[in-house]
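In what follows, chains carry the letters A, B, and so on, assigned in the order in which the sequence lines appear, proteins first and then strands, with residues in each chain numbered from 1. Quick caveat, the model's predicted, so the values are computed rather than measured.
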Amino acid sequence: MKPALKALVDRVTFLYEDLDLTVVKEWKETHRAKAVGYMPIYVPREIIHAAGMLPVGVMGGGEGLEIIKGDAYFQSYICHIPRSTVELALSGRLDCLDGMLFPSICDVIRNLSGMWNMMFPDRYVRYIDVPQNYDPEVGGSFWRRELAELRADMARIAGREFSDDDLRNSIRVYNENRTALNDLYLARSREPWVYPIAEMYLVVRAGCVLPPEEHTALIREYLQLAQREDDRKDKDHSRVVIVGSFCEQPPVGLLKTLERAGCWIVGDDLVLGLRWLIGDVDPDGDPLVALSSAFLANSTEAASRYEPGDAKGSQLIASVRDNDAEGVIFCAPSFCDPALLDQPMLVTALDRAGIPHTQFKFSEDTGQFAVIREQAGTFSDSIRLWSEV
Amino acid sequence: MTDLNKRDIFIGIDLGSTTTKAVILDDGGEIIGRGITNSRSNYDVACRIAREEAFIRARFTLARNVMEADPLLSGLEGSFLPRLEDSFKQHQYLGQLEHLRQALWTAAGNARHFAYQADFRKLLNEIVDNMAATAPALFGPGAARKSDFFRDLAGAEYMQLAEKTADPKGINFETIVGAYDSAILTVENTSDEESFKSHIGAALDLLLDGGNGETPEQSDRLRAAIETARNYNLNELATVGTGYGRQRLPFPKEWIRSEILCHGLGAHAMFPDTATVLDIGGQDTKAIQVDDRGIVTSFQMNDRCAAGCGRYLGYIADEMNLGLHELGPLAQQSTHRVKINSTCTVFAGAELRDRLGMGQRREDILAGLHRAIMLRAMSLLARSGGVKDEFTFTGGVANNPAAVDALVDLVQQNYGSRRLNISPDSIYTGALGGALFAMRDYQGGQA
Amino acid sequence: MTRPVDADKDRSMELQKEMIAGMFDDLSTAHEDGKKVVYTFVPGNLTELIRCFDLLPVLPEINALQSGMRKLSGGYITEAEKQGHSEDVCTYVKCDLGMLKKGNVGPTGKRLPEPDLLLLSYTGCFTFMKWFELLKQEYDCPVAMLHVPYSPDGKIHDHQRDYIVKQIRTELIPKLEEVSGKKYDEDRLKKMLAKSATAEDDLVHVLESAKNRPSPIDAYFGGVYYIGPMFTAFRGSDEGLEYYRLLREEVDARVAAGLGPVTPDGTMTKERYRLVVEGPPNWTSFREFWKMFYEEDAVVVASSYTKVGGLYDRGFRHDPDRPLESMADYCLGCYTNLGLPSRVELLEEYIRDYRADGFMINSVKSCNSFSAGQLLILRQIEERTGIPGGFIESDLVDPRYFSAANIKNRIESYLQMLEQKRGAGVGA
Amino acid sequence: MKGTELLSVGVDVGTSSVKTAVVKTVGEAGGRMEVEVLGLRADRIRRREMKAVIHECYGAAMDECGLKSSDVAYIASTGEGELVEFRRGHFYGMTTHSRGARHLVPDCTAALDVGALHARAMRIGEGSKVMTYRMTSQCASGSGQFLENVARYLGVALEEVGPLSTKASSPEMVSSICAVLAETDVINMVSRGISTSDILKGIHLSMAGRFLKLLRAIKAGSDVLITGGLAADDGLVAALQEKAAEEASVMRIHTHPDSIHAGSLGAALWGAYRHRILEKREMAAT
Ligand SMILES: Nc1ncnc2c1ncn2[C@@H]1O[C@H](COP(=O)(O)OP(=O)(O)O)[C@@H](O)[C@H]1O
Ligand SMILES: Nc1ncnc2c1ncn2[C@@H]1O[C@H](COP(=O)(O)OP(=O)(O)O)[C@@H](O)[C@H]1O
Ligand code: SF4
Ligand code: SF4
Ligand code: SF4
């Protein structure tokens with residue numbers, strides 16, 4: 001690996017492993033500004049950004065965190081992310097966050113917002129209730145009101161009002177970030193061997209703690225540096241899309257295991273919140289209306305959204321086709337109701353389209369990948385061995 | 001006192017998932033005997049055997065008392081009694097070996113072994129002979145035994161011998177081990193009601209004949225002292241049963257007490273300033289808070305998953321072909337602890353093999369496993385209200401020094417400095433609590 | 001200790017049985033009789049509105065719990081897992097889907113009609129949403145979605161109410177009209193709501209009777225029967241009105257006679273522990289579970305589960321003068337739609353108001369809506385009331401998750417602990 | 001052209017035993033192959049050093065066939081293949097078990113591999129392709145290891161398990177999903193005086209229930225071959241057959257005396273296949 005890329009990879013690895021949020025603290029220090037955390041999936045980060053604060057994605061504690069107090073709050077049949085998040089908070093690691101947003105994703109996160117209230121009565125906590133009614137007059141007006149409240153709250157925490165222009169500017173910044181992320185995904189899908197999953201994921205994941213402008217630059221740099229590595233060659237692998245890990249994140253070791261077992265991951269829903277909105281948000285009109293319309297009309301079809309038709313299945317199939325994938329791996333956290341209840345519906349759609357699939361569950365601190373390797377290996381074997389003939 | 005050779009006693013029995021413990025208190029509340037056995041096979045039998053054991057120990061205690069009271073013997077008990085106990089155990093062991101021989105003989109009678117029955121029996125005979133020959137070494141002065149249970153002690157010897165004598169093409173290892181597996185059950189399930197009476201004489205003879213410098217007069221007095229202990233009338237006034245399997249004890253409902261309360265009270269009796277108790281047994285972990293009278297104020301138990309309890313260590317020990325006693329000390333030699341997240345008991349073996357395969361060192365993996373167990377315990381403690389001062393660690397796993405180290409470390413990290421109480425007899429805490437309840441109930445009933 | 005079963009069973013109990021049997025009869029022939037059927041959920045159910053279009057409500061949750069009580073749920077769940085559902089997810093959903101796959105035979109042995117409309121009252125639980133998405137794949141019928149915003153602070157805000165009322169007007173009513181072929185008749189709705197309010201008064205009176213010593217009712221195990229008609233298809237109906245009038249009379253009579261609650265083994269004659277319970281019961285071993293309590297002379301004086309279909313005892317009533325608005329308020333105020341701090345406050349009040357000795361949580365594996373955060377609730381309650389809490393784990397309808405020995409052990413240990421504390425308080 | 005004759009070896013490294021298969025195949029790449037099995041061998045690991053057992057098993061199998069390593073064209077590993085340092089290629093367990101199953105019972109539509117710590121079901125399509133599969137999750141009460149432990153407590157030798165189980169009159173079901181807790185269940189049963197036969201049968205039935213779930217999930221079809229070590233357990237086979245019949249399913253459950261070798265056989269066969277493909281590619285390249 002060339003030194004420039006190595007430096008970049010070391011940096012994103014550090015950002016990923018740094019549970020103490022050093023970079024957030026440093027940012028606050030240098031900018032004399034505040035930071036607001038949010039749990040996985042969608043929150044309108046533009047509003048936090050416009051208030052001059054740093055939005056910080058809290059994606060659990062991953063594999064590196066020892067859970068002691070966190071387990072005291074959750075039964076064994078609840079997924080892992082809330083316990084590691086509570087552990088992070090109780091051990092003071094989230095003290096640098098001046099507020100915490102809990103987006104509407106499932107009952108666990110919803111209840112966690114109330115727990116936060118009780119455990120940290122002095123801190124700002126907000127449950128972000130997104131509409132499940134997509135009529136601009138009904139759900140839209142509800143959501144605009146929520147956004148306005150959030151805007152007022154953010155201004156209050158930041159200690160400064162901000163203008164619609166500030167907000168429009170932030171919308172532009174995030175539009176650019178989404179474009180960069182899309183470019184990265186496209187490049188990976190074309191030449192997965194150039195962008196090993198562990199690197200690619202960490203580069204994306206860095207968007208949780210970096211300011212968006214910096215993250216955009218990082219992605220662009222990575223795209224260039226990775227291409228200059230000349231020992232990265234195509235392998236006899238199968239191409240797969242993984243789904244289910246939009247909230248609790250699989251350990252990097254698991255992603256590596258998949259790749260080692262012969263699967264190029266060419267599509268995923270990891271850290272989905274960064275890519276929730278599809279396409280650009282209108283940077284020119286009334287910013288809250290623009291954000292609201294984008295949410296209503298251009299959200300990704302995630303498990304936390306009500307969708308009575310077959311849009312979720314179609315979206316998955318489209319992702320398989322667009323990325324030239326040969327199969328789908330359902331990779332959901334244990335006990336994750338939204339992901340696991342969606343699965344049978346998606347399976348039906350895949351079966352209808354004749355797309356092979358396999359499935360397993362993980363938890364963010366899974367340390368043993370033997371079974372997963374076996375499954376993914378067989379899946380990849382079955383795609384490869386028989387397509388050769 | 002009317003009858004000098006009669007003592008009123010109270011009994012507590014803790015029927016645990018792995019071991020069954022019995023404690024005998026005298027009417028002054030002093031512990032005079034403890035007994036322990038495997039719970040594996042049959043609850044009634046386990047209960048009987050543990051009691052029996054406790055009675056045997058009680059008689060040794062009584063012998064000690066008699067010796068202490070006798071000016072001519074006083075001072076001797078310190079050296080004499082341990083030797084006597086070893087000798088007694090050896091006799092007991094030899095008795096059980098003979099029993100095993102018969103059972104193996106029967107097992108070999110199975111139709112499956114018809115073709116080579118005679119050879120098989122001969123081979124088994126040789127194995128048992130060999131075992132009997134090494135018995136003195138097992139019970140010699142200062143010998144370190146891998147376990148206190150016949151099953152494990154004899155099992156380890158047997159496996160070694162089986163491996164040596166097995167012939168892959170003839171009577172193979174599996175066949176020999178199979179015979180043991182079926183034989184051991186019968187041996188284990190037989191309690192020898194008269195064990196003390198029948199073995200103590202021979203044990204005593206062996207010692208006294210060896211001539212250990214006692215004067216003839218002392219010898220006679222010793223015999224008399226043991227005789228007194230043997231014939232002592234232990235008058236059982238009340239019994240309380242507790243533990244995982246307490247519902248299955250052949251006791252009326254009033255005699256049954258929740259193990260939580262018993263552990264709380266037992267720990268309080270052992271260490272009066274106890275505020276928090278952690279008990280890790282074979283299949284469950286309990287975190288208990290008690291007040292200054294030993295009354296439980298809150299408690300938490302592990303949920304349905306048996307991960308991270310004592311049995312987990314058992315599986316690991318089996319897997320490494322180690323005795324439970326050896327596990328902790330080995331883990332303590334670790335220099336680079338491995339981080340382990342899963343404590344699923346069933347997969348413990350697989351995980352171990354995996355990691356060894358990856359080139360990690362045994363002691364480092366073990367250190368990681370011990371820490372993983374204690375992490376789970378810490379969660380329960382946190383759920384029950386934290387670790388207060390003083391903190392008492394009970395249950396079988398408290399015998400494991402690496403587990404204790406990990407606990408001390410984690411408590412220090414999370415709660416700061418706490419006084420930690422551990423007793424070598426901590427495995428008996430529940431039974432002690434039971435016996436105390438028995439005494440209270442009885443005395444309450446009298447009042 | 002309990003004494004033998006009372007010679008004459010409570011009349012209200014008989015009546016409830018008849019009502020339910022009648023309902024399932026009606027359902028079994030609904031389509032032949034030209035009636036249309038709406039599937040909907042218990043929390044936030046708009047029974048009066050559905051009835052006002054002469055539509056028949058079916059509540060899949062109730063079917064699931066009934067299947068649990070009839071020991072059929074295990075098979076249904078297996079069936080759903082066979083279809084690819086994970087072991088990890090809510091068993092109500094799996095039980096319902098399994099029942100569907102096995103012919104949709106309802107709890108009384110009669111076939112349930114297919115839905116003409118799925119009314120997704122999305123209140124207090126995300127899984128509801130998935131549940132109806134899954135049903136939508138099975139049935140080709142319209143879905144009407146009512147999104148009830150979460151109530152993190154336990155208060156009702158105007159814009160939330162407006163959002164709901166708007167949805168009722170623009171989404172629900174048009175779909176109900178279309179399915180039923182009837183016009184929305186607000187006067188009819190108002191009349192029903194008036195009946196609801198009267199019955200609600202009676203229910204509250206019954207629940208609050210547990211403040212007596214001894215309590216004449218068990219507000220958890222008995223409570224689930226008392227809330228039945230109110231939380232399901234009978235709110236706003238004459239039968240419902242009659243049921244609650246009768247129930248109230250009976251309970252008043254028990255209070256007057258100083259009697260304890262009725263259990264399957266007769267009336268409890270001793271009240272040794274008064275408990276408040278949080279969390280739903282287990283249905284597969286309901287009686288065995290109950291017995292673990294009454295055998296030890298423990299009676300539940302208040303529970304949160306009996307508030308999943310509305311917190312009537314905290315003052316809410318359906319209001320004929322504000323029909324849609326009061327329905328919106330009702331949806332917002334269901335127990336599981338409340339933020340955790342409000343839940344803790346409520347439980348704390350129950351412990352004080354009902355003079356409870358103990359507090360116990362039955363944490364069910366299925367239901368994150370209830371269970372996520374219960375351990376914090378436990379700790380908060382302990383801190384605020386000084387009463388130690390008990391914690392047991394089971395499931396709603398998955399028989400694999402009811403470990404009788406384990407649960408009994410915990411209940412016993414807990415009650416013995418209360419006893420020991422009490423004994424110590426008195427003297428010793 | 002008759003096609004070339006080729007020797008290949010499969011080494012299946014399991015958690016409880018190592019299996020080696022030596023096969024001779026005749027045929028052409030892509031075409032049908034004639035197969036002759038020269039040697040099969042299984043060695044239990046029993047706490048011995050893995051690599052030593054692998055060498056022992058491989059070496060002994062080769063000796064028995066009178067072959068040297070240089071005679072063999074392709075050595076394929078499966079299972080914990082990394083430990084087989086002398087392998088040329090690796091195939092994953094389900095890939096090899098499917099292939100092995102087809103070799104043993106050419107008409108089977110699915111295989112159920114039950115080994116020491118796992119159970120997995122795979123539906124087999126044309127060309128022994130693994131169509132879909134399911135594995136048991138974390139909890140392992142339905143595995144060989146568990147059965148072995150219980151057998152030990154009951155004082156029953158492994159070979160006796162099957163015969164005893166088939167004699168049961170009123171089997172007692174084990175309720176716990178966890179192997180550890182299930183062991184306690186078993187102890188409870190012993191103390192309640194339940195007979196060994198009934199206990200074993202109960203365990204077999206609950207295992208069978210779980211396995212059938214896997215089989216149903218993969219839509220196993222008409223003929224299922226049990227592969228892996230537990231195929232030798234008649235009690236389990238009988239329980240599976242009973243359970244399948246109870247559900248009035250058309251599924252037939254088969255075993256084969258060489259079932260335990262399915263993985264190593266499959267590996268050897270895929271190795272031969274792969275070798276031919278690679279040779280052909282090389283030839284095309286030159
Ligand atoms: N000498 C010892 N050294 C280390 N661990 C021990 C020792 N004795 C017992 N243990 C551990 O204690 C466990 C049994 O603890 P115990 O309290 O008897 O459990 P239970 O009450 O559930 O039967 C065993 O599984 C073992 O792990
Ligand atoms: N005759 C038998 N009866 C019952 N079980 C058996 C028999 N022979 C072998 N087994 C079981 O088969 C298992 C080994 O199967 P195998 O497929 O070799 O597993 P692995 O590949 O994981 O080593 C052992 O756990 C053992 O319990
Ligand atoms: S992992 Fe799933 S269940 Fe857990 S918090 Fe996230 S969405 Fe909810
Ligand atoms: S098998 Fe392992 S994970 Fe499953 S319940 Fe038992 S100990 Fe826990
Ligand atoms: S999660 Fe809870 S509230 Fe939701 S459907 Fe399941 S049981 Fe009902």
With a 4.5 angstrom heavy-atom cut-off, could you sort out which part of Phe360(A) is near chain D: side chain, backbone, both or neither?
-> neither
If we ignore angles and hydrogens, is there a donor and acceptor under 3.5 Å between the side chains of Thr358(A) and Tyr133(D)?
-> yes
Top contributor to chain A interface from Met122(D), Met94(D), Met131(D), Arg134(D) [non-hydrogen pairs under 4.5 Å] = Met94(D)
Roughly how far, to the nearest 0.5 Å, is the CD atom of Gln359(A) from the OG1 atom of Thr132(D)?
-> 10.0 Å
Supply the atom-to-atom distance Thr378(A) OG1 to Met135(D) CE, rounded to the nearest 0.5 angstrom.
-> 7.5 Å
How close do Tyr92(D) and Asp381(A) get, heavy atom to heavy atom, and via which atoms?
-> N-OD2, 3.0 Å
Distance-only polar pair, side chains of Arg120(D) and Gln375(A), donor-acceptor under 3.5 Å = no
Does NZ in Lys213(D) sit with more than 12 non-hydrogen atoms of other residues, nucleotides or ligands closer than 6.0 Å?
-> yes
